[in-house]
Novice: 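Here it is, the structure, as structure tokens.
Letters A, B, ... mirror the listed sequences (proteins, then strands); counts begin at 1. When reading the values below, keep in mind they use all heavy atoms of this one structure, side chains included, and skip hydrogens, waters and symmetry mates.
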2 protein chains.
Amino acid sequence: MTDAARRDPEAVSNFVESFAAQLVEAGMQRMPARVFAALLSSDAGTMTAAELGEQLRISPAAVSGAVRYLAQTHMVSREREPGSRRERYRVHGDQWYEALTNREALIKRWEGALREGVSSLGADTPAGRRMAETLAFFEFVEGEVAAMMERWRVHREKLFGT
Amino acid sequence: MTDAARRDPEAVSNFVESFAAQLVEAGMQRMPARVFAALLSSDAGTMTAAELGEQLRISPAAVSGAVRYLAQTHMVSREREPGSRRERYRVHGDQWYEALTNREALIKRWEGALREGVSSLGADTPAGRRMAETLAFFEFVEGEVAAMMERWRVHREKLFGT
DNA sequence: CGCTTACTTCAGAATTTTGTGAAGTTAAGG
DNA sequence: CCTTAACTTCACAAAATTCTGAAGTAAGCG
């Protein structure tokens, strides 16, 4: 292990907390944000519940809650080491930001609410027309995001190799 | 005014509250979400502070706070009717979702935090490499979003005319 | 000028959210 | 089977946030 590669726990912690703070500002809950940042900055890309609790100074209950949220939103995955009841949580490196970008369920619900708005306020009213346009925008974005992620994969390969 | 265009206050209110609830779920604060939904579903696309307070049953203080937030994030604009100190708040129809999409300041800060992470954890460590890749992703997205919005304007014109 | 209307700011009450300890559940290991 | 380790759930205390009423500021109007 080179000097550059030796991890300074304080530097790691500084980064974890400052990156987590940015995620919080973007609307993420505090504990999930901290847990996620810790995983992101771990060399293996995985940590156990105990390691997370120790680094972040939080209770097992807090780890459990944060991890459940992160798994539900596909930001991390859970792995069971065979023949053990210790779990490992992993950032999927190239998949978590796809989860971030792909808010499909959310957009679908917005679209539902807007469609309802168009029909209940009347498609022939100014407000109804405004909502129909907004709806068209979301439908457009939905299609574009998929194409963008495909271009990213190509771009990524060019930058970092296969 | 046709029957279809006559506004049923209860239908409007139902839509406002349900759309606001979706915005809240996406991370927006409650009052800004309700105020924004009310503006979006108004025929004129503008409302005064008094109208907002009455429809949403909230105090002038709450209107003031919500509107300040919405103006800061470019979701609505404030207009002064000349020769009056009554203000009108307006959804810019085709601009608010651009504001939603264009989280440039946010992304810039994420990039800053990640750059710091790469250098403090070491560009030659596994964690550093993971963060460098994440950083590249955000840089990529930044460029793509601008192009996507340009395509939207073209698409929009095709759907709704100039 | 002063009155009045419209918005803003601020302190605090009320609500909501968050994180903990403790008890509960599950499954490995003896 | 029984013990114990690992995670989960739950009730509650603490902390943070939200919204209000009241006081403050500014600008039109007489």
Novice: Take B/R30 and A/P60, find for each the nucleotide of DNA chain C with the closest heavy atom, and name the residue whose nucleotide sits nearer the 5' end.
Specialist: B/R30
Novice: Taking only the side-chain heavy atoms of A/A61 (C-beta and beyond), determine which of D/dA6, D/dC10, C/dC7 contains the nearest atom.
Specialist: D/dC10
Novice: Give a yes or no on whether B/E17 atom CD has more than 12 heavy-atom contacts from other residues, nucleotides or ligands under 6.0 Å away.
Specialist: yes
Novice: Quick one: A/E79 CD to D/dA6 C1', roughly how many Å, whole number?
Specialist: 17 Å
Novice: Mind calculating the distance between CG (B/L52) and P (D/dC19) to the nearest angstrom?
Specialist: 14 Å
Novice: Write down the distance between CE (B/M31) and P (C/dT8), rounded to a whole number of angstrom.
Specialist: 16 Å
Novice: Write down the distance between CD (A/E81) and P (C/dA27), rounded to a whole number of angstrom.
Specialist: 17 Å
Novice: Look at the side-chain N and O atoms of A/R85 and state whether any lies under 4.0 Å from the OP1 or OP2 oxygen of D/dA5.
Specialist: no
Novice: Just compare D/dT18, C/dT9, D/dT9 and give me whichever is closest to any side-chain atom of B/Q29.
Specialist: D/dT18
Novice: Return the orientation label for the A/W152 and B/F137 ring planes: parallel under 30°, perpendicular over 60°, tilted otherwise.
Specialist: perpendicular
Novice: How is A/G83 classified with respect to the nucleic acid when contacts are heavy atoms under 4.0 Å: base, sugar-phosphate, or nothing?
Specialist: sugar-phosphate
Novice: Can you measure from CZ (B/R86) to CZ (B/R80) and round to the nearest 0.5 angstrom?
Specialist: 11.0 Å
Novice: Here's a test of your reading of the structure: between A/V63 and B/R34, which maps to the more 5' nucleotide of DNA chain D?
Specialist: A/V63
Novice: Using heavy-atom distances to pick each residue's nearest nucleotide on DNA chain C, tell me which of A/R57 and B/R68 is more 5'.
Specialist: B/R68
Novice: What's the closest nucleotide to the side chain of B/A62 if the choices are D/dC7, D/dT20, C/dT20?
Specialist: D/dT20
Novice: Send over the distance from B/R86 CZ to C/dC7 C1', rounded to a whole Å.
Specialist: 12 Å
Novice: At 4.0 Å (heavy atoms only), tell me whether A/R78 reaches a base, stays on the sugar-phosphate, or touches nothing.
Specialist: sugar-phosphate
Novice: Tell me: CD of A/E54 to P of D/dA6, nearest whole Å?
Specialist: 14 Å
Novice: Quick one: pull up CD in A/E139 and CD in A/E144 and give me the separation to the nearest 0.5 Å.
Specialist: 13.0 Å
Novice: Under 4.0 Å, counting only non-hydrogen atoms across every strand here, what does B/A49 touch: a base, just sugar-phosphate, or nothing?
Specialist: sugar-phosphate
Novice: Rounded to whole Å, how long is the line connecting atom OH of B/Y89 with atom C1' of C/dT8?
Specialist: 10 Å
Novice: Please report the interatomic distance CE(B/M28) to OG1(B/T73), rounded to the nearest 0.5 Å.
Specialist: 6.0 Å
Novice: In whole angstrom, what separates B/E51's CD from C/dC7's C1'?
Specialist: 15 Å
